[in-house]
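To keep things clear, I will list the structure first and then write my remarks on it.
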Amino acid sequence: MLGHLDSNPDLSGQFVDPQTLLRVAPLITSTASLVIAGDSHLFLSSFISLAPQRRPQVSELAPRYFEAFFWRGLPAIFASYGLSVAFGATNAWYSRPSPVSWAWYAGGMALALAHFAFVPKIMWKVKDAIDAKDVKEIDGAEAIQGWLDVHHVRMALADIPAWTCFLIATLKALKPV
């Protein structure tokens with residue numbers, strides 16, 4: 001039986017084929033990005049939904065929670081989207097994928113990069129949400145809702161389409177020709 005495995009050119013004896021891992025890597029990292037984005041929505045929208053019943057407490061605690069949440073999550077955002085862009089570029093231009101998949105890798109890379117195009121719009125929402133802890137005129141729950149509104153648009157226009165491109169690219173690249 002081992003002789004059969006050793007003679008099979010498709011099985012190199014490696015646990016993971018590096019080429020296959022490269023093809024799947026942007027799908028994995030963009031999935032991580034979507035998990036982070038989904039968790040952000042879940043945790044923050046759940047927290048501020050308490051506002052009608054406990055508006056004063058939520059508006060006081062929400063900015064402090066958001067500040068800790070934002071700064072702790074930022075490295076994971078840079079890592080997951082940065083790796084998605086890097087793996088997408090590597091697959092599109094340097095590793096010579098099949099002609100039917102390279103454009104999907106390039107599209108996924110561009111859309112993952114587009115996540116950061118929202119920074120000029122969202123940075124003011126972040127500032128408002130964090131400043132709400134010190135400025136009484138800013139309602140913390142409303143400020144975080146403002147961030148969530150931009151976050152939802154960014155997910156719909158950049159994050160989910162990037163993941164979809166990487167999924168299609170991966171399926172096309174790994175499909176036997």
Side-chain angles (χ1 to χ4, degrees), residues 4-46 66-127 129 144-177:
H4 173 70
L5 290 175
D6 291 338
S7 65
N8 187 341
D10 293 333
L11 298 174
S12 64
Q14 296 174 338
F15 182 69
V16 176
D17 175 37
Q19 187 75 12
T20 301
L21 186 58
L22 179 62
R23 298 290 184 242
V24 175
L27 180 60
I28 293 169
T29 57
S30 65
T31 299
S33 298
L34 278 184
V35 168
I36 294 166
D39 286 350
S40 298
H41 162 75
L42 177 67
F43 298 142
L44 293 173
S45 63
S46 296
F66 182 83
E67 184 174 26
F69 179 87
F70 179 79
W71 292 116
R72 287 187 179 159
L74 206 54
I77 294 294
F78 283 123
S80 66
Y81 284 98
L83 287 171
S84 293
V85 169
F87 288 136
T90 301
N91 274 294
W93 285 284
Y94 300 111
S95 69
R96 311 268 189 243
S98 66
V100 295
S101 65
W102 82 266
W104 290 105
Y105 282 117
M109 180 211 66
L111 287 163
L113 195 57
H115 175 92
F116 297 105
F118 283 83
V119 168
K121 178 73 173 168
I122 211 162
M123 69 182 187
W124 301 111
K125 304 296 184 182
V126 169
K127 183 181 180 329
I144 292 172
Q145 184 59 56
W147 181 87
L148 281 167
D149 291 344
V150 177
H151 177 68
H152 294 147
V153 170
R154 180 179 57 199
M155 282 180 66
L157 297 179
D159 303 345
I160 294 170
W163 180 86
T164 304
C165 284
F166 287 136
L167 174 65
I168 293 169
T170 302
L171 292 174
K172 289 187 176 291
L174 297 180
K175 179 182 173 186
V177 180

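Bear in mind the structure is a predicted one, so any value in this text is a computation, not a measurement. Only heavy atoms go into these numbers, but all of them, side chains included; no hydrogens, no water, no symmetry mates.
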**Asked** Got a donor-acceptor contact below 3.5 angstrom from the Thr170 side chain to the Arg23 backbone?
**Response** yes
**Prompt:** Once you round to the nearest 0.5 Å, how far does CZ of Phe87 lie from OH of Tyr94?
**Reply:** 14.5 Å
**Asked** Could you state the interatomic distance from CZ (Phe70) to CD1 (Ile122), rounded to the nearest 0.5 Å?
**Response** 8.0 Å
**From Ile168, Leu174, Leu167, residue fulfilling side chain to side chain contact (heavy atoms under 4.5 Å, CB included) relative to Leu171** = Leu167
**Message:** For a quick test of reading the model, state the closest non-hydrogen atom pair linking Ser84 to Pro26 and the distance between them.
**Reply:** OG-O, 4.1 Å
**Prompt:** Would one find more than 12 heavy atoms of other residues, nucleotides or ligands at under 6.0 Å from atom CH2 of Trp104?
**Reply:** no
**Prompt:** So which heavy atom on Gly88 is nearest to which on Tyr105, and how close?
**Reply:** O-CB, 3.8 Å
**Item:** OG on Ser45 to CD on Gln145, rounded to 0.5 Å
**Value:** 8.0 Å
**Prompt:** Do the side chain of Ser30 and the main chain of Leu27 share a donor and acceptor less than 3.5 angstrom apart?
**Reply:** yes
**Request:** Answer yes or no: is there a donor N or O on one side and an acceptor on the other, between the side chain of Asn91 and the main chain of Leu22, under 3.5 Å?
**Result:** yes
**Prompt:** Does one side chain, of Trp163 or Ser33, offer a donor that lies under 3.5 Å from an acceptor on the other?
**Reply:** no
**Prompt:** Would Leu44 and Trp147 satisfy side chain to side chain contact (heavy atoms under 4.5 Å, CB included), going step by step from the backbone distance to the final call?
**Reply:** CA-CA 10 Å; Leu44 293 173; Trp147 181 87; 3.5 Å; yes
**Request:** Would you check if the distance from the ring center of His151 to the ring center of His41 is below 6.0 Å?
**Result:** no
**Prompt:** Would you call the rings of Phe116 and Phe78 parallel, tilted or perpendicular if under 30° counts as parallel and over 60° as perpendicular?
**Reply:** parallel
**Asked** Between CG of Asp149 and NZ of Lys125, what distance do you get to the nearest 0.5 Å?
**Response** 7.0 Å
**Side chain proximity check, Tyr81 to Asp159, heavy atoms < 4.5 angstrom** = yes
**Message:** Between Val153 and Phe118, does the side chain to side chain contact (heavy atoms under 4.5 Å, CB included) criterion hold? Intermediate values first, please.
**Reply:** CA-CA 9 Å; Val153 170; Phe118 283 83; 4.0 Å; yes
**Asked** Taking only residues two or more places apart in sequence, or in another chain, which ones meet Ile36 in a side-chain contact (heavy atoms from CB on, under 4.5 Å)?
**Response** Ser40, Ala76, Ile77, Ser80
**Message:** If I compare all heavy atoms of Trp124 with all of Pro120, which pair ends up nearest, and what's the gap?
**Reply:** CD1-O, 3.2 Å
**Message:** Does any part of the side chain of Leu157, heavy atoms only, come nearer than 4.5 Å to the side chain of Pro161, both counted from C-beta?
**Reply:** no
**Message:** Test side chain to side chain contact (heavy atoms under 4.5 Å, CB included) on Leu111 and Phe166; report intermediate values, then the result.
**Reply:** CA-CA 10 Å; Leu111 287 163; Phe166 287 136; over 6 Å; no
**Fill in**
In short, Met155 meets Gly38 closest at the heavy-atom pair CE-N, 4.4 Å
